[in-house]
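Report on one structure; see the data block that follows.
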Amino acid sequence: MKRWNVVITGFGSVGKQVAILLEQRQSHYREQYGVEVKLVGVARSSQGVYDAEGLTQSALEAFGREKRWTDTPFTGTDFITSCQADILIETGPSQLETGGPGLTYIRQALDQGMHAIAVSKGALVVDYAGLSALAKHRGVMLKISGATAAALPTIDLLQYNLAGCQILAVEGIFTGTTNFVLSSMMEEGISCEEAIARAQQMGIAEPDPSFDIDGWDTACKVTILANAAFGANLKLTDLSRTSVRDVTEEQIAEWKRAGKSPKLVGRIRRTTDGLYASVELQAVELSHPFSTVKGTTKAIRVETDVMGELLVIGGKSDPMAAAAAALKDLEHIIRQP
């Protein structure tokens, strides 16, 4: 039976959920694909753990409790090389200026012939084109579902399902946290600060919610989608970006009177001057499908030349959903002949 060895870099909330799902799906991989899938290595910024026969649950739990590297100085790229794995799943923090360790890890994995699955966005924002070219050169796959709205199908929709047409425009509610905040402000009449605090109490927003609330998360996803699905060469700084913090109580009152619903919308559109991408705060009419998208729910709408308009609404916004998106990518890899 063919065996696939997996390494996870980053062992926060998403990385831990990936490890849990991998363990739960062992029988599925054997029965569905006739393969063994083993998690053999896990690393974070200062330490790593490896077992060629597969990490046990007790070993993972002990690693999760360990706070420092106690043996030799830790080098993530050396760890990836030593693990002799087939697939890297990168789930570490996103570093948007340089790509951070995630970019180094993905580049190292691809260069030594490993498939790579990216959940963190930084590496893809900084150098998707370079990583994609390297994957092609090495004859391996770079998969990015977890970095492009996770449980909401976006990149597969654009790259595979719509391959028989030209995509004219994409717009989406790509960040569940911002949608929750805006929905709460409209439906409950609370301020943006109150809505953010409520999202934090519910575990929807991070202690520092700026990445989501100020539009960076949506901008990252739009940048990656534009470069991956449209062959663009956009930088994050090329996009105009709006923050949910800019919404005033007066605007909320006016939108209520007008029967409109505010949404933070990521956009990509072909124009005569090239590809245009942005993150905009838009008050949509009741006739717009996004007006029905409430809470943490996400959505994508696509306009095409010959397949018409497509709309997908749904997808959870939590670490488990991001982990599941990564393992969807894993199944796409292992089912290849």
Side-chain angles (χ1 to χ4, degrees), residues 7-18 41-48 67-69 73-81 87-112 114-135 142-150 154-155 174-178 205-228 232-239 241 243 266 277 279 317 319 322-323 325-326 329:
V7 171
I8 301 172
T9 48
F11 204 54
S13 56
V14 176
K16 291 176 181 177
Q17 292 297 337
V18 170
V42 173
R44 53 192 178 207
S45 59
S46 61
Q47 61 191 121
K67 299 300 182 184
R68 62 188 177 87
W69 182 253
F74 181 75
T75 304
T77 53
D78 289 344
F79 180 81
I80 292 170
T81 300
I87 301 173
L88 166 72
I89 303 178
E90 160 53 26
T91 70
S94 291
Q95 214 294 335
L96 303 183
E97 288 76 30
T98 66
L103 177 57
T104 303
Y105 298 158
I106 294 172
R107 190 176 283 151
Q108 171 74 19
L110 295 173
D111 196 44
Q112 66 186 54
M114 292 170 59
H115 303 284
I117 297 169
V119 178
S120 57
K121 304 171 186 68
L124 305 177
V125 167
V126 171
D127 191 25
Y128 173 80
L131 294 174
S132 179
L134 178 58
L142 172 64
K143 304 292 287 182
I144 61 174
S145 293
T148 52
T154 58
I155 189 63
F174 296 129
T175 304
T177 302
T178 56
E206 297 291 337
D208 179 2
S210 302
F211 186 65
D212 290 340
I213 298 301
D214 293 333
W216 290 109
D217 180 68
T218 299
C220 287
K221 291 168 182 173
V222 169
T223 300
I224 297 167
L225 288 171
N227 293 340
N233 190 29
L234 291 180
K235 296 180 175 59
L236 189 61
T237 52
D238 293 333
L239 277 67
R241 178 180 49 82
S243 172
V279 178
S317 297
D329 285 345

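Because the structure is predicted, anything quoted here is derived from the model rather than measured.
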Derivation of the side-chain contact (heavy atoms from CB on, under 4.5 Å) call for Met114 and Ile80: CA-CA 10 Å; Met114 292 170 59; Ile80 292 170; 3.8 Å; yes
Contact check, side chains of [X] and [Y], non-hydrogen atoms, under 4.5 Å:
{"X": "Val279", "Y": "Phe174", "answer": "no"}
{"X": "Thr104", "Y": "Thr77", "answer": "yes"}
{"X": "Leu124", "Y": "Leu131", "answer": "yes"}
{"X": "Thr9", "Y": "Ile89", "answer": "no"}
{"X": "Ile117", "Y": "Leu88", "answer": "no"}
{"X": "Tyr128", "Y": "Thr223", "answer": "no"}
{"X": "Gln95", "Y": "Thr98", "answer": "yes"}

Using the side-chain contact (heavy atoms from CB on, under 4.5 Å) rule, take Ile144 and Ile224 through it: C-alpha gap first, then chi angles, then the decisive distance, then the call. CA-CA 9 Å; Ile144 61 174; Ile224 297 167; 3.7 Å; yes
Could you grab the distance from atom OH of Tyr105 to atom OG1 of Thr91, nearest 0.5 Å is fine? 11.0 Å
How long is the straight-line distance from CD of Glu206 back to OG of Ser13, given to the nearest 0.5 Å?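 Rounded to the nearest 0.5 Å, the OG-CD separation comes to 7.0 Å.
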What are the two closest non-hydrogen atoms of [X] and [Y], and how far apart are they?
{"X": "Ala322", "Y": "Ala150", "value": "CA-CB, 3.8 Å"}
{"X": "Ser120", "Y": "Ala147", "value": "O-CB, 3.9 Å"}
{"X": "Ser145", "Y": "Ile155", "value": "OG-CG2, 3.9 Å"}
{"X": "Gly266", "Y": "Val222", "value": "CA-CG2, 3.6 Å"}
{"X": "Leu110", "Y": "Ala116", "value": "CD2-CB, 3.8 Å"}
{"X": "Ala277", "Y": "Leu239", "value": "O-CG, 3.8 Å"}

Could you pull out all residues at least two apart from Phe11 that satisfy ring-ring contact (aromatic ring centres under 6.0 Å, His included)? Phe63
Please table the atom pairs, donor to acceptor, closer than 3.5 Å between any side-chain atom in residues 212-219 and protein atoms at least two apart or in another chain.
from	atom 1	to	atom 2	distance (Å)
Asp212	OD2	Thr177	OG1	3.2
Asp214	OD1	Ser243	OG	2.6
Asp214	OD1	Arg245	NE	2.8
Asp217	OD1	Lys121	NZ	3.3
Asp217	OD2	Thr175	OG1	2.6
Asp217	OD2	Lys221	NZ	2.7
Thr218	OG1	Thr175	OG1	2.7

With Thr148 via side chain to side chain donor-acceptor pair (under 3.5 Å) - residues at least two apart: Thr154
Pairing residues for Asp238 by the side chain to side chain donor-acceptor pair (under 3.5 Å) criterion, not counting sequence neighbours: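 Partners of Asp238 by the side chain to side chain donor-acceptor pair (under 3.5 Å) criterion come out as none, since no residue qualifies.
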For Thr81, the side chain to side chain contact (heavy atoms under 4.5 Å, CB included) test, sequence neighbours excluded, returns Gln108, Gln112
Selection residues 90-107 - residue pairs positive for salt bridge (Lys or Arg N to Asp or Glu O under 4.0 Å), sequence neighbours left out: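 Listed by first then second residue: Arg107-Asp127.
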